[in-house]
Amino acid sequence: DAKTTQPPSMDCAEGRAANLPCNHSTISGNEYVYWYRQIHSQGPQYIIHGLKNNETNEMASLIITEDRKSSTLILPHATLRDTAVYYCILGGNKLVFGAGTILRVKS
Amino acid sequence: SQTIHQWPATLVQPVGSPLSLECTVEGTSNPNLYWYRQAAGRGLQLLFYSVGIGQISSEVPQNLSASRPQDRQFILSSKKLLLSDSGFYLCASTEGRETQYFGPGTRLLVL
């Protein structure tokens with residue numbers, strides 16, 4: 001069973017920031033939070049991961065709450081090509097994918 | 001960075017026929033390798049993972065098997081396919097701390 005909870009779907013206007021929440025209240029001390037996305041008919045793509053501190057890369061930012069029980073993935077300027085299913089996953093040797101959030105970016 | 005190859009890209013097989021899907025990895029050594037399946041409209045399900053040559057762990061009881069004859073080669077097989085084996089099969093490899101990179105996948109349709 002997935003150990004994270006995400007909303008089933010979200011809409012975002014093109015050019016605006018997309019903020020995707022994830023709850024992981026049972027996270028253990030050494031588990032990383034990973035985000036992947038899957039564009040239709042393709043394999044999942046790694047986006048970002050973090051342990052405690054906020055992280056940023058060329059794709060997105062990851063904000064992790066101080067108690068580590070939730071996190072938010074931020075796509076700063078969403079484009080139509082960011083429409084995908086976004087998965088929040090707790091790290092381990094075996095990733096458990098939940099249902100994810102379907103993000104629809106609309107013009 | 002590593003590259004993951006999977007073939008074939010699509011496959012249509014009759015029920016009861018055998019299956020062999022191959023995954024090879026370039027640009028890394030001694031990776032952990034994974035086979036996932038995604039049924040239509042569903043999430044990814046981990047089927048097998050391997051931490052080394054000849055070492056296979058199965059996550060769910062099923063009609064499939066996996067083998068790792070070489071460090072960067074992972075094979076998914078079946079002796080007799082079932083209708084329920086249809087799906088999108090993805091091979092993944094780890095680089096660094098648990099970051100998984102996925103191949104392009106194989107779409108299998110069992111008729």
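Below, each value reflects all heavy atoms present in this structure, side chains not excepted, and no hydrogens, waters or symmetry copies.
For Leu44(B), the parts lying near chain A are the backbone and the side chain together; criterion is any non-hydrogen pair under 4.5 Å. At a 4.5 Å heavy-atom cutoff, Gln45(B) makes no contact with chain A through either its backbone or its side chain. Heavy atoms closer than 4.5 Å to chain A are found nowhere in Gln6(B), neither backbone nor side chain.
Aromatic rings of Tyr46(A) and Phe102(B) (six-membered ring for Trp) have centroids beyond the 6.0 Å cut-off, not under it.
Hydrophobic clustering (ILVMFWY, side-chain heavy atoms < 4.5 Å, transitive): Tyr89(B) and Ile75(B) are in distinct clusters. Clustering ILVMFWY residues whenever any of their side-chain heavy atoms sit less than 4.5 angstrom apart, transitively, puts Leu82(B) in a cluster other than the one holding Val12(B). Criterion: ILVMFWY side-chain heavy atoms under 4.5 Å apart, direct or through other members. Under it, Leu83(B) and Leu21(B) are part of a common hydrophobic cluster. Placement of Val25(B) and Trp7(B) in two distinct hydrophobic clusters is found when ILVMFWY residues are connected by side-chain heavy-atom separations under 4.5 Å, directly or transitively. In this structure, Ile74(A) is not a member of the same hydrophobic cluster as Ile47(A), with clusters built from ILVMFWY side-chain heavy atoms closer than 4.5 Å.
In this structure the side chain of Gln38(A) reaches within 4.5 angstrom of the side chain of Leu90(B), judged on heavy atoms. Taking the side chain as every heavy atom from C-beta outward, Gln100(B) and Tyr36(A) approach each other to under 4.5 Å.
Looking at every heavy atom in both residues, Gln38(B) comes nearest to Tyr87(A) through NE2-OH, 3.7 Å.
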